[in-house]
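Naming: A, B, ... by sequence-line order, numbering from 1 per chain.
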There are 2 protein chains.
Amino acid sequence: MSSEEIDTKTKILEASWRLLEAHQGQGVKMSDIAKEAGISRQAVYLHFASRIELMIATMNYVDEVKGLDARLAQLNNATSGTELLNACVEVWGNYIPEIYGLAKAMLMMRDTDEDMAAAWNSSMKCLRDVCQNAIEALYKEGKLTEGWSIKEATDMFMATISISQWEQLTMESGWSNEQYVDWTKFLLSRTFVR
Amino acid sequence: MSSEEIDTKTKILEASWRLLEAHQGQGVKMSDIAKEAGISRQAVYLHFASRIELMIATMNYVDEVKGLDARLAQLNNATSGTELLNACVEVWGNYIPEIYGLAKAMLMMRDTDEDMAAAWNSSMKCLRDVCQNAIEALYKEGKLTEGWSIKEATDMFMATISISQWEQLTMESGWSNEQYVDWTKFLLSRTFVR
DNA sequence: ATGTCAATTGACACAGTGTCAAGTGGCTTA
DNA sequence: TAAGCCACTTGACACTGTGTCAATTGACAT
């Protein structure tokens with residue numbers, strides 16, 4: 001069996017991931033991935049029907065290895081809504097730099113490919129759930145700023161911690177990740193906590 | 001001269017703009033633009049050296065016609081920092097839907113093309129200036145929330161009113177533009193006003 | 001009538017994705 | 001040891017979209 005030797009499929013996924021991170025999700029061709037994996041370009045298609053499919057598989061693979069779900073699961077220890085909100089920003093905000101290349105590639109393809117859009121949304125689902133928990137906790141504590149519905153507040157929360165927001169503040173404006181996390185926590189607390 | 005008949009260059013720009021808006025900035029080919037303008041594909045290249053150049057020209061053309069600068073210039077009537085901040089969100093927030101298709105196309109190209117990135121940034125410059133004015137006004141009134149530097153606050157301001165943010169809240173989360181403007185004003189006031 | 005200029009047509013190069021057919025080399029099973 | 005299977009290789013090709021080039025047309029100006 002393939003318990004010791006890494007099977008080709010995994011080699012491709014690793015190569016894809018590595019290149020995506022190295023090039024920040026841009027300009028990574030099927031032939032590059034094949035070369036990186038040490039196989040022929042055509043062989044990639046023996047394992048993945050298309051570029052899109054490979055990208056989605058890479059995303060699932062990274063999800064599995066890095067385990068955002070697991071990281072987020074820990075958060076349910078958080079007692080108060082505020083605490084949960086802050087913890088959420090911290091976990092996600094420190095996760096983004098680890099998966100930025102991949103995420104960027106996904107976001108770019110999402111515009112033109114429905115499957116990718118769906119895959120991305122379902123991958124964001126677990127994050128959204130935690131965000132919503134935080135908002136609901138605030139609400140139950142009577143601490144959610146007046147006027148917000150749960151949905152609206154969760155929408156705004158998600159938008160605020162979106163990859164594009166992170167990209168603009170760190171990559172473009174030159175913020176450190178710590179700055180990003182701290183000010184985002186500040187903005188969210190001020191916005192949602194009464 | 002060409003005072004009555006629209007010259008071909010303008011016809012191309014109009015066609016480009018129309019298609020970009022109609023298709024939300026996606027999948028608009030040179031041949032589509034040519035067809036829309038009523039000329040041959042190759043003729044487009046007699047006026048614009050490349051797709052990128054045409055896109056940048058379209059952007060400048062729309063800027064000229066729609067006049068974001070002019071709209072923003074009015075704002076300098078605003079007396080207080082808070083007022084300026086709100087006015088800024090209102091003007092920009094109501095401008096976005098009018099130019100979304102074009103903006104989306106620009107943002108997508110920006111990832112792969114330096115010239116486009118530069119053109120986009122310079123186009124955003126006037127918006128950034130107004131945002132910075134608002135933050136500075138707050139600061140001078142002693143109303144800027146403690147901790148923010150002018151630059152950081154302006155960065156965060158810009159990120160909050162970015163196209164991606166608007167896109168996520170309206171196109172994806174289904175908010176009305178009014179909702180977008182109101183909640184964004186709310187979030188910014190809470191974040192920046194002491 | 002001659003020249004110029006904008007536009008047309010058709011052909012072609014190039015990159016990247018995806019497909020197909022034929023071949024190779026190693027491993028299993030009879 | 002032969003037969004068959006399997007993952008992979010090679011090379012060729014179709015398709016799309018961008019960009020280029022050369023030859024041609026038709027209008028308008030001198």
Side-chain angles (χ1 to χ4, degrees), chain A residues 1-16 19-20 22-59 101 104-106 108-116 119, chain B residues 1-16 19-20 22-59 101 104-106 108-116 119:
Chain A
M1 284 274 71
S2 52
S3 59
E4 329 197 16
E5 297 209 2
I6 312 166
D7 70 330
T8 308
K9 196 159 183 169
T10 310
K11 262 196 267 176
I12 299 173
L13 290 170
E14 288 276 355
S16 163
L19 288 181
L20 250 13
H23 297 86
Q24 315 219 107
Q26 273 157 80
V28 177
K29 291 168 284 179
M30 292 300 266
S31 49
D32 297 330
I33 296 172
K35 199 183 291 172
E36 179 79 13
I39 59 172
S40 68
R41 183 177 72 88
Q42 290 83 335
V44 177
Y45 290 97
L46 297 175
H47 299 275
F48 304 95
S50 68
R51 189 184 154 73
I52 296 286
E53 200 169 286
L54 169 56
M55 291 299 144
I56 293 178
T58 307
M59 182 168 154
K104 179 79 185 173
M106 306 292 111
M108 282 165 47
M109 288 191 221
R110 192 174 60 143
D111 289 329
T112 43
D113 188 275
E114 278 189 24
D115 291 353
M116 181 54 85
Chain B
M1 284 270 77
S2 51
S3 59
E4 330 197 16
E5 295 210 2
I6 312 165
D7 70 330
T8 308
K9 197 159 184 170
T10 309
K11 263 197 265 175
I12 298 172
L13 291 169
E14 289 276 356
S16 164
L19 288 181
L20 251 14
H23 296 86
Q24 314 218 109
Q26 274 157 78
V28 177
K29 293 169 282 179
M30 292 300 265
S31 49
D32 297 330
I33 296 172
K35 199 182 293 173
E36 179 79 12
I39 59 170
S40 69
R41 185 178 71 88
Q42 290 84 335
V44 176
Y45 291 96
L46 296 175
H47 300 273
F48 303 96
S50 67
R51 187 185 155 73
I52 296 285
E53 199 168 287
L54 169 55
M55 292 298 142
I56 294 177
T58 306
M59 184 168 151
K104 177 79 186 174
M106 307 292 109
M108 282 165 45
M109 289 190 222
R110 192 174 60 144
D111 291 328
T112 43
D113 188 274
E114 278 189 24
D115 292 352
M116 182 53 85

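Taking atom OH of residue Y45(B) and atom C1' of nucleotide dG17(D), one finds them 8 Å apart after rounding to whole Å. F48(A) places its CZ atom 14 Å from the P atom of dA7(D), with the value rounded to the nearest Å. Taking atom NZ on K9(A) and atom P on dC6(D), their separation rounds to 16 Å, with Å as the unit. We find that CZ of R51(B) is positioned 18 Å from C1' of dT20(D), with the value rounded to whole Å. To the nearest angstrom, P of dG19(D) lies 14 Å from NZ of K29(B). Whole-Å rounding puts the L46(A) CG to dA22(C) P distance at 17 Å. Atoms CD1 (I52(B)) and C1' (dG17(D)) sit 13 Å apart, rounded to a whole Å. Rounded to an integer number of Å, the gap from NZ of K11(B) to C1' of dA6(C) is 11 Å.
Panel note: side chain E14(A), backbone T10(A); no donor-acceptor pair is recorded below 3.5 Å. Although no hydrogens or angles enter the test, the distance criterion places a donor-acceptor pair under 3.5 Å between the side chain of T58(A) and the main chain of L54(A). No donor-acceptor distance shorter than 3.5 angstrom exists from the side chain of D113(B) to the backbone of R110(B), with no hydrogens or angles considered.
Counting any heavy atom pair closer than 4.0 Å across all strands shown, I39(B) reaches sugar-phosphate atoms only and no base atom.
Proximity of H47(A) to the phosphate of dC8(D): a side-chain N or O atom is located under 4.0 Å from OP1 or OP2.
Counting only heavy atoms from C-beta outward, the side chains of M55(A) and L20(A) approach each other to under 4.5 Å.
Side chain R41(B) to base dG17(D): no donor-acceptor pair is found below 3.5 Å. Between the side chain of Q42(A) and the base of dG18(C), no donor-acceptor pair under 3.5 Å is found.
Looking at the side chain of A43(A), the nearest of the listed nucleotides dC8(D), dT18(D), dT17(C) is dC8(D).
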